[in-house]
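In what follows, a structure is listed as structure tokens, so that the remarks can point back to it.
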Amino acid sequence: MNILGINAYHGNASAAIVCNGRLIAAVEEERFNRVKYAAGFPAQAIRYCLKEAGVTLAEIDHVAVPRNPSARLATKLFYALRMPSFALERAKVLTKFTGIPEALARIFDADPKKLAAKFHRVEHHQAHLASSFYCSPFESAALLSADGLGDFASTMWGTGSGSRMSIDGAVVFPHSLGLFYSGVTQYLGFLKFGDEYKVMGLAGYGEPERMNVFREIVQFDEDSNANGFRLSLDFFTHHRTGPEMSWAEADKTPTLGKVFSDEMAERLGPVRTPEEPLEQRHRNLAASLQARLEEVYLGMLRKLAARTRLKTVCLAGGVAFNCVANGKIFDATPFEQVYVHPAAGDAGLAVGAAFHVWHQKLGKPRSFVMDHAYWGPGYSGEEIRRAIDSNGIAQNGYCVTELPEKELMSKTAALVADGKILGWFQGRCEWGPRALGNRSIVADPRRQEMKEILNRRIKHREIFRPFAPSILAESTAEYFEKSHPSPFMTLAYSVRAEKRGRIPAPTHVDGTGRLQTVTRDANPRYHALISAFRDLTGVPLVLNTSFNDNEPIVCRPEEALDCFLRTQMDALVLGDFLITKS
């Protein structure tokens, strides 16, 4: 049985295919159209998924869409009457959702009336929860999803057991931790869609000196029986105008209109424009924002643990990308095991919707665990060779050498140990926003100056944003104060004090690292590279950042070559090929 999951007309448009209960492929549309966070209809992602699974559209039995127009209908009607213009805009988007069968048929030149597949509407946050629980290794777990907004809810919690989920509660519009974080992010002058992770990095440079105001902005009573929270709506506008979002266009980055009100400036000081320099006041406000998010998020998890009496928890939704908060779960809550879906944001809805249909609607047993994130396109050695030949790089002052694996690992590790910056392109590309060793830029973590060099020569991003360490899983406890696996770079742990001077480049100013734990089973070649670097230097980790330059992570070998040539990388490994400057 073949189930196609489609996240369409929403940020991070994506597709996934599940065949007989096992994920075969999952990818974001941005990897193909090169538009960051692309919305619209994921036509190219769908084509890839069907091709990877070796099935045609006629062989798809079910299509799962993570949007349910019937969910919270009374609440939607109430706000539609209060905000007619917002209601009109949402009606246009919902019209597009009802047209998904026609859009799907159109990209395959088929008759929509002859599609054999049954279409399912899965509520947004139930798809989020399904993406994490049904991909986790846990037989039973507490579940929490938190983001900006989806089907007029921002947060949902419950439990999972076997192949069933039970929903216990939700926080509905207009109250939202995601919109709280987005509003303050905008107030601090970071206006692009998805900039919240920048403010999370900035928070490490400040002190949470404005907690009195932030506790007023988000109200949460940990002593009450209820597990929800409330926003002080005086600080926001979305409940009056609706959250102004542009989701429909596939060739444009989504936008989020202004969320915060003038009250925020009156209470916290002047709004920062993107051109203004960052002052300590802004760093302290970022720290206060992060601290309040953690108080509420971890407080909700404590209540969830008390209610369920479980030691395992599965997390999804955009808030679950807050790796700093996630890293504190073990000390701040009774939970002992955590699973965060690698595409915890809205891209993951495609996988979640498909598994929700397989387990929750069809009642099928579980047989799959997502223990790696390599579900996107991969390229053969012959395809890589053709890309190199058509680029002509060997005739333009570069040395191209095809090497056996052992020699490739030793030479590559030596380059990294010598301070060279390496582009690393292997296997199938990653699912989710993190480069996890198949589409990565790799550098020496021992060099204090490496962070500045990477930003100057390649990444061109804000200096306060940290880079990540990829560490051999078996060495995690040697360098970090926690050893729980973090295969998808969704947890930040404190680096052991005695090791911070050993790996200064990926250690954040607050002493943490957003680590990726690498196992031989999940990624044998990346594990071999890090092992070779360890053998040379004694350090079992490398600095890892995404293979891109202000664009989506590279997908095809041609894009890797283009990024390599237009930046100042020193070397590139494409499959078995090592490319260096002559």
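For the numbers below, each heavy atom of this structure counts, side chains included, while hydrogens, waters and symmetry mates do not.
- Taking both residues in full, the closest heavy atoms of Gly419 and Asp570 are given as O-OD2, 4.4 Å, listed atom of the first, atom of the second, then distance.
- The shortest distance between side-chain heavy atoms of Val509 and Phe464 does not fall below 4.5 Å.
- How far NZ of Lys328 is from OG of Ser494: 8.5 Å, rounded to the nearest 0.5 Å.
- Remark: aromatic rings of Trp375 and Phe368 are close, center separation under 6.0 Å.
- Aromatic ring orientation, His508 versus Tyr205: perpendicular (interplanar angle above 60°, classes split at 30° and 60°).
- A side-chain donor-acceptor contact under 3.5 Å links Arg34 to the backbone of Pro552.
- Ser483 OG to Glu474 CD: the interatomic distance, rounded to the nearest 0.5 Å, is 12.5 Å.
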**Request:** Decide yes or no on side-chain contact (heavy atoms from CB on, under 4.5 Å) for Phe260 and Val271, but give the supporting numbers first.
**Result:** CA-CA 10 Å; Phe260 69 94; Val271 177; 3.8 Å; yes
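- Here CZ of Phe564 is found 6.5 Å from CD1 of Ile579. Values are rounded to the nearest 0.5 Å.
- A donor-acceptor pair under 3.5 Å is formed between the side chain of Tyr493 and the backbone N or O of His484.
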**Request:** Check step by step if side-chain hydrogen bond (donor to acceptor under 3.5 Å, both in side chains) holds for Tyr37 and Asp346.
**Result:** CA-CA 10 Å; Tyr37 307 117; Asp346 288 337; over 6 Å; no
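- At distances below 3.5 Å, at least one donor-acceptor pair connects side-chain atoms of Asn438 with backbone N or O atoms of Arg428.
- Counting heavy atoms from C-beta outward, Phe190 and Val199 have side chains that approach closer than 4.5 Å.
- Atoms CG and CG, from Leu104 and Leu4 in turn, are 6.5 Å apart once rounded to the nearest 0.5 Å.
- By the 30° and 60° cut-offs, the orientation of the rings of Phe41 relative to Tyr9 is tilted.
- Phe547 and Ala435 make their closest contact through N-CB, 4.4 Å (heavy atoms, listed as atom of the first residue, atom of the second, distance).
- Between the Ser470 side chain and the Val542 main chain, no donor and acceptor come within less than 3.5 Å of each other.
- Here the options are Thr567, Asp549, Asn548, the test is side-chain hydrogen bond (donor to acceptor under 3.5 Å, both in side chains), and the partner is Lys459; only Asn548 passes.
- There is no side-chain donor-acceptor pair under 3.5 Å between Asn326 and Thr490.
- A salt bridge does not link Glu478 to Arg534: none of the charged side-chain nitrogens sits closer than 4.0 Å to a carboxylate oxygen.
- Between the side chain of Asn12 and the backbone N or O of Glu28 there is no donor-acceptor pair closer than 3.5 Å.
- Here the side chains of Met489 and Asn544 are in contact, with some heavy-atom distance below 4.5 Å.
- Here the CD1 atom belonging to Ile463 is positioned 12.5 Å from the CG atom belonging to Leu202, to the nearest 0.5 angstrom.
- Within the 4.5 Å cutoff, side-chain heavy atoms of Met370 are placed close to those of Trp431.
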**Request:** Test Asp576 against Arg525 for side-chain contact (heavy atoms from CB on, under 4.5 Å), laying out the working first.
**Result:** CA-CA 11 Å; Asp576 295 333; Arg525 181 160 278 198; 2.9 Å; yes
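- Considering only heavy atoms from C-beta on, Met569 comes within 4.5 Å of Ile441 through its side chain.
- A cation-pi geometry, defined here as NZ or CZ lying under 6.0 Å from the six-membered ring centre and within 45° of its normal, does not hold between Arg386 and Tyr379.
- A donor-acceptor contact shorter than 3.5 Å links the side chain of Ser176 to the backbone of Gly178.
- Although no hydrogens or angles enter the test, the distance criterion places a donor-acceptor pair under 3.5 Å between the side chain of Thr517 and the main chain of Ser486.
- Between the side chain of His10 and the backbone N or O of Ala8 there is no donor-acceptor pair closer than 3.5 Å.
- The two residues Pro466 and Gly201 have their closest heavy-atom pair at CD-CA, 4.3 Å.
- Minimum heavy-atom separation, Ser182 to Leu256: CB-CD2, 4.0 Å.
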**Request:** Report the C-alpha separation of Ile421 and Gln568 in whole Å, then their side-chain angles, then the decisive distance to 0.1 Å, and conclude whether the side-chain contact (heavy atoms from CB on, under 4.5 Å) test is met.
**Result:** CA-CA 8 Å; Ile421 298 173; Gln568 297 180 56; over 6 Å; no
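- We find that Lys198 and Asp195 are joined by a salt bridge, their nearest charged nitrogen and carboxylate oxygen being less than 4.0 Å apart.
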**Check against side-chain contact (heavy atoms from CB on, under 4.5 Å), His372 and Asn523** = CA-CA 8 Å; His372 68 78; Asn523 195 329; over 6 Å; no
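- Few gaps surround NZ on Lys581; more than 12 heavy atoms of other groups in view lie less than 6.0 Å from it.
- Counting heavy atoms from C-beta on, the side chains of Gln426 and Val573 come closer than 4.5 Å.
- Within a 6.0 Å radius of CZ in Arg520, no more than 12 heavy atoms belonging to other residues, nucleotides or ligands are found.
- Annotation: cation-pi pair Arg439/Phe425 present, NZ/CZ under 6.0 Å from the ring centroid and within 45° of its normal.
- Side-chain atoms of Tyr374 come within 3.5 Å of backbone atoms of Leu436 as a donor-acceptor pair (strictly under, hydrogens ignored).
- Within the 4.5 Å cutoff, side-chain heavy atoms of His527 are placed close to those of Leu472.
- Other residues, nucleotides and ligands place more than 12 heavy atoms under 6.0 Å from the NZ atom of Lys499.
- Of all heavy-atom pairs spanning Val539 and Phe533, the tightest one is O-CD2, 3.4 Å.
- With Ile503 as the fixed residue, the side chain to side chain contact (heavy atoms under 4.5 Å, CB included) test singles out one of Val495, Asp444, Ile471, Leu543: Val495.
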**Request:** Using the side-chain hydrogen bond (donor to acceptor under 3.5 Å, both in side chains) rule, take Tyr181 and Gln290 through it: C-alpha gap first, then chi angles, then the decisive distance, then the call.
**Result:** CA-CA 8 Å; Tyr181 213 97; Gln290 176 66 26; 2.7 Å; yes
**Asked** Going through the checks in order, is the side-chain hydrogen bond (donor to acceptor under 3.5 Å, both in side chains) test met by Asp147 and His125?
**Response** CA-CA 9 Å; Asp147 65 5; His125 280 279; 3.1 Å; yes
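- Classification of Arg556 and Asp562 as a salt-bridged pair fails, no side-chain N sitting under 4.0 Å from a carboxylate O.
- The two atoms that bring Leu408 and Gly575 nearest to each other are CD2-O, 3.5 Å, heavy atoms only.
- In this structure the side chain of Thr507 never reaches within 4.5 angstrom of the side chain of Thr512, judged on heavy atoms.
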**Request:** I would like to know whether Lys192 and Glu462 meet salt bridge (Lys or Arg N to Asp or Glu O under 4.0 Å); could you show each step before the answer?
**Result:** CA-CA 14 Å; Lys192 293 181 181 178; Glu462 297 88 349; over 6 Å; no
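- The OG atom of Ser14 sits 9.5 Å away from atom CD1 of Ile46, with the distance rounded to the nearest 0.5 Å.
- Judged by distance alone, the side chain of Glu430 and the main-chain N or O of Gly376 form no donor-acceptor pair under 3.5 Å.
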